Amino acid sequence: MLKAMEQPRPDAKLERILATVDSIPPGRVATYGQVALEAGLPRRARLVGSALANLGQGSEIPWHRVVGSPGRISPRPGPGVHRQRQRLLAEGVEVSATGKIDLERFGWRPG
DNA sequence: ATAATGACTTTCA
DNA sequence: TTGAAAGCCATTA
């Protein structure tokens, strides 16, 4: 028998991560580490980044609501940073020209 | 199995 | 306050 089909869902973790990101309310932002923690995966901040990087264009996931620990949009190649800033501004989140966000005011607080 | 990589985080100068 | 260095860990090569 082929065990090629019985994959133990490598995506299971990513599913949880994406679900968590999807639960971030509009006008709020969460850090990568925070998302990982909420998804039940402590210390997996980088995995969250990978998951988002893997998203297609047409994804419904609000990836723009995820930022780095200091409340700053994580630098990356491409126009992603700019688009993220635009989307956040459109939601009413104050983003400085350098991509800084006040987590005290716009940080997501689960619970 | 070993090594390199990355949308991260924390620590230290 | 800023920037470099090390720590972390699943995914890829």
Side-chain angles (χ1 to χ4, degrees):
Chain A
M1 52 185 10
L2 302 178
K3 22 184 187 180
M5 56 174 280
E6 51 182 284
Q7 293 184 329
R9 303 197 176 180
D11 326 325
K13 293 187 255 184
L14 303 197
E15 294 267 338
R16 294 221 299 278
I17 290 175
L18 297 183
T20 302
V21 173
D22 198 39
S23 70
I24 304 172
R28 288 281 153 116
V29 299
T31 68
Y32 294 90
Q34 187 178 10
V35 170
L37 194 60
E38 277 294 310
L41 300 167
R43 299 290 197 272
R44 291 344 178 248
R46 303 187 84 140
L47 195 52
V48 174
S50 299
L52 297 184
N54 223 327
L55 291 177
Q57 295 183 339
S59 179
E60 312 265 331
I61 305 298
W63 51 268
H64 57 281
R65 301 190 190 132
V66 184
V67 301
S69 63
R72 180 164 167 17
I73 294 178
S74 289
R76 55 180 176 285
V81 174
H82 181 254
R83 294 218 298 138
Q84 179 165 15
R85 179 159 182 275
Q86 290 301 320
R87 289 194 182 211
L88 288 176
L89 289 173
E91 286 186 355
V93 176
E94 293 177 19
V95 186
S96 77
T98 60
K100 182 73 173 59
I101 298 166
D102 187 348
L103 293 182
E104 293 284 316
R105 295 176 50 189
F106 301 103
W108 176 44
R109 323 188 184 190

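Worth knowing before you read on, the calculation uses all heavy atoms, side chains too, and leaves out hydrogens, waters and symmetry mates. Remember, predicted model here, so these are calculated numbers, not experimental data. Throughout, a chain's letter reflects where its sequence line sits, starting with A, and its residues are numbered from 1.
Cluster membership check: A/Ile24 shares its hydrophobic cluster with A/Leu14, using side-chain heavy-atom separations under 4.5 Å among Ile, Leu, Val, Met, Phe, Trp and Tyr. Taking hydrophobic clusters as Ile, Leu, Val, Met, Phe, Trp and Tyr residues chained together by side-chain heavy-atom distances below 4.5 Å, A/Tyr32 shares a cluster with A/Ile17.
Residues A/Glu94 and A/Phe106 meet the side-chain proximity criterion, which asks for heavy atoms closer than 4.5 Å.
Contact between the side-chain N/O atoms of A/Ser50 and the OP1/OP2 oxygens of C/dA10 is not found at any separation under 4.0 Å. In this model, the phosphate group of B/dT9 is approached by a side-chain N or O of A/Ser69 to a distance below 4.0 Å at OP1 or OP2.
Within the nucleic acid shown, A/Gly80 has no heavy atom closer than 4.0 Å to any nucleic acid atom. A/Arg76 comes within contact range of at least one nucleobase, with a heavy-atom separation under 4.0 Å.
To the nearest angstrom, C1' of B/dA7 lies 13 Å from CZ of A/Arg83. Straight-line distance from the CD1 atom of A/Ile24 to the P atom of B/dA7: 18 Å, rounded to whole Å. For the pair A/Arg72 CZ and B/dA7 P, the computed distance is 15 Å after rounding to whole Å. Summarising the geometry, the separation between CD on A/Gln34 and P on B/dA7 is reported as 21 Å, rounded to the nearest angstrom. For A/Arg44 and C/dC9, the CZ to C1' distance is 6 Å, given to the nearest whole Å. Counting to the nearest Å, the C1' atom of B/dC8 and the OH atom of A/Tyr32 are 8 Å from each other. Between A/Leu14 atom CG and B/dA7 atom C1' there is a gap of 14 Å when expressed in whole angstrom units. To the nearest angstrom, P of C/dA10 lies 17 Å from CG of A/Asn54.
In this structure, the nucleotide among B/dA7, B/dC8, C/dA10 sitting nearest to the side chain of A/Arg46 is B/dC8. Closest approach to the A/Ala45 side chain among B/dA7, C/dC9, B/dT9 is made by B/dT9 (side chain taken as heavy atoms from C-beta onward).
Side-chain contact of A/Arg76 with A/Gln84: a donor-acceptor pair under 3.5 Å is present, judged by distance alone.
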- Applying side chain to side chain donor-acceptor pair (under 3.5 Å), run through A/Gln86 and A/His64 and close with a yes or a no. CA-CA 9 Å; A/Gln86 290 301 320; A/His64 57 281; over 6 Å; no
